[in-house]
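The figures that follow rest on heavy atoms only: side chains count, while hydrogens, waters and symmetry mates do not.
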Amino acid sequence: QVQLVESGGGLVQAGGSLRLSCAASGNIFSVNDMRWYRQAPGKQRELVATVSSDGRTNYADSVKGRFTISRDNAKNMVYLQMNSLKPEDTAVYLCYAIVNHVGASQLDYQYWGQGTQVTVSS
C-alpha cells in the first residue's frame with residue numbers, strides 16, 4: 001500500500017506562480033516514473049509532466065517553458081513549479097507514481113493522489 005498526498009494548490013492570478021508537491025509513503029522499495037496529470041471539468045485527464053527515476057523529464061506542449069517537474073528521491077517527493085499561469089491551467093492536479101514494493105520489487109504498481117485544485121483567475 002502506497003499513499004500519494006498532494007499539496008500547494010490554490011487560487012492565483014493570471015501570470016502568477018504556484019508550486020505543487022506530492023509525497024509518496026508506505027511500502028516502497030523504489031519509485032520509478034512520477035507524473036503530474038490535470039483534469040478540468042468536462043475535460044479528459046491530461047498528462048502534464050513526467051520525471052523518470054534518473055531525472056529525465058517530459059512536458060505537454062501546453063506547459064513547456066512555463067512548468068518544471070522535479071523530484072527528491074531521498075524523500076520520495078515530486079514537485080511541479082508552475083509559472084506564468086493562465087486561466088486555462090485551472091484544473092485538479094493529480095500526482096501519479098509507478099512503485100515497486102518491498103517483497104515484490106520486480107513488479108510495477110501505479111498509484112494516484114487525490115488531487116489538489118489549482119484555480120487561475122483572469
Side-chain angles (χ1 to χ4, degrees):
Q1 174 77 302
V2 167
Q3 298 80 44
L4 303 179
V5 179
E6 302 100 334
S7 62
L11 176 64
V12 66
Q13 293 182 357
S17 297
L18 285 173
R19 189 183 191 229
L20 307 183
S21 299
C22 173
S25 62
N27 182 20
I28 298 171
F29 178 79
S30 62
V31 181
N32 302 312
D33 280 7
M34 302 188 83
R35 300 171 182 169
W36 287 98
Y37 287 79
R38 66 187 181 187
Q39 189 160 22
K43 301 287 188 67
Q44 292 273 5
R45 186 170 293 181
E46 176 188 16
L47 176 60
V48 175
T50 298
V51 58
S52 67
S53 59
D54 62 358
R56 292 172 294 167
T57 59
N58 282 285
Y59 299 93
D61 287 343
S62 59
V63 307
K64 282 181 180 176
R66 300 188 297 121
F67 291 10
T68 302
I69 189 170
S70 61
R71 65 191 288 165
D72 185 335
N73 290 331
K75 296 180 179 180
N76 289 328
M77 295 191 69
V78 63
Y79 308 93
L80 187 68
Q81 178 67 47
M82 305 185 294
N83 299 325
S84 302
L85 282 161
K86 304 174 181 179
E88 50 263 46
D89 295 318
T90 296
V92 173
Y93 283 71
L94 301 113
C95 181
Y96 166 96
I98 299 173
V99 174
N100 299 123
H101 293 135
V102 175
S105 61
Q106 77 279 16
L107 300 176
D108 291 332
Y109 292 83
Q110 60 183 15
Y111 292 92
W112 293 89
Q114 292 294 309
T116 185
Q117 178 70 47
V118 171
T119 302
V120 184
S121 65
S122 59

Peer 1: Decide yes or no for R38 and V63: does some side-chain heavy atom of the first lie under 4.5 Å from some side-chain heavy atom of the second?
Peer 2: yes

Peer 1: Heavy-atom distance under 4.5 Å between the side chains of I69 and M34, does that happen here?
Peer 2: no

Peer 1: Check whether any side-chain heavy atom of L94 lies under 4.5 Å from a side-chain heavy atom of R45, and answer yes or no.
Peer 2: yes

Peer 1: Using atom types as modelled and distance alone, determine if a side-chain donor or acceptor of D72 lies under 3.5 Å from a backbone N or O of M77.
Peer 2: no

Peer 1: What are the two closest non-hydrogen atoms of I28 and V102, and how far apart are they?
Peer 2: O-CG2, 3.6 Å

Peer 1: More than 12 heavy atoms of other residues, nucleotides or ligands under 6.0 Å from CD of Q13: is that the case?
Peer 2: no

Peer 1: Going by the rule side-chain hydrogen bond (donor to acceptor under 3.5 Å, both in side chains), which residues pair with D54 if we only count those two or more places apart in sequence or in a different chain?
Peer 2: S52, R56

Peer 1: Group every Ile, Leu, Val, Met, Phe, Trp and Tyr by side-chain heavy-atom contacts under 4.5 Å, then state whether V12 and Y93 land in the same group.
Peer 2: yes

Peer 1: Measuring only between side-chain heavy atoms, which start at C-beta, is V31 closer than 4.5 Å to I98?
Peer 2: no

Peer 1: First locate atom OG1 of T57, then atom CZ of R35, and finally report the distance between them rounded to the nearest 0.5 Å.
Peer 2: 13.0 Å

Peer 1: To the nearest 0.5 Å, what is the distance between OH (Y37) and CD (Q44)?
Peer 2: 12.0 Å

Peer 1: Can you tell me how far CG of L85 sits from CG of L18, rounded to the nearest 0.5 angstrom?
Peer 2: 5.5 Å

Peer 1: Write down the atom of P87, the atom of A14, and the distance for their closest heavy-atom approach.
Peer 2: CD-CB, 4.1 Å

Peer 1: Does E46 reach the side chain of S62, with side-chain heavy atoms less than 4.5 Å apart?
Peer 2: yes

Peer 1: Using a strict 4.0 Å threshold on nitrogen-to-oxygen distance, state whether D89 and K86 make a salt bridge.
Peer 2: no

Peer 1: Can you pull the ring-ring contact (aromatic ring centres under 6.0 Å, His included) pairs that have at least one residue in residues 52-84, sequence neighbours excluded?
Peer 2: none

Peer 1: Within this structure, what is the OG-NZ distance for the pair S25 and K75, rounded to the nearest 0.5 Å?
Peer 2: 14.5 Å

Peer 1: Could you go through the side chain to side chain contact (heavy atoms under 4.5 Å, CB included) check for W112 and C95 one step at a time?
Peer 2: CA-CA 6 Å; W112 293 89; C95 181; over 6 Å; no

Peer 1: Hydrophobic clustering (ILVMFWY, side-chain heavy atoms < 4.5 Å, transitive) - are Y109 and L4 grouped together?
Peer 2: yes

Peer 1: Indicate if V120 and W36 have the same hydrophobic cluster label, given that clusters are the connected sets of ILVMFWY residues with side-chain heavy-atom separations under 4.5 angstrom.
Peer 2: yes

Peer 1: Write down the atom of S17, the atom of S84, and the distance for their closest heavy-atom approach.
Peer 2: OG-N, 4.3 Å

Peer 1: Are Q1 and N27 close enough, and set up right, to give a side chain to side chain contact (heavy atoms under 4.5 Å, CB included), and what steps lead you there?
Peer 2: CA-CA 6 Å; Q1 174 77 302; N27 182 20; 5.7 Å; no

Peer 1: In the structure I gave you, are the side-chain heavy atoms of Q117 and L11 within less than 4.5 Å of one another anywhere?
Peer 2: no

Peer 1: Given L20 and E6, is the side chain to side chain contact (heavy atoms under 4.5 Å, CB included) satisfied, shown in steps?
Peer 2: CA-CA 7 Å; L20 307 183; E6 302 100 334; over 6 Å; no

Peer 1: OG1/T116 to CG/L80 distance, rounded to the nearest 0.5 angstrom?
Peer 2: 11.0 Å

Peer 1: Of the non-hydrogen atoms in T90 and A40, which two are nearest, and what is the gap between them?
Peer 2: O-CB, 3.7 Å

Peer 1: Let me confirm one number: the CG-CZ distance from D33 to R71, rounded to the nearest 0.5 Å.
Peer 2: 7.5 Å

Peer 1: Has Q114 got more than 12 heavy atoms of other residues, nucleotides or ligands less than 6.0 Å from its CD?
Peer 2: no

Peer 1: Taking the side chain from N100 and the backbone from N32, do they hold a donor-acceptor pair closer than 3.5 Å?
Peer 2: no

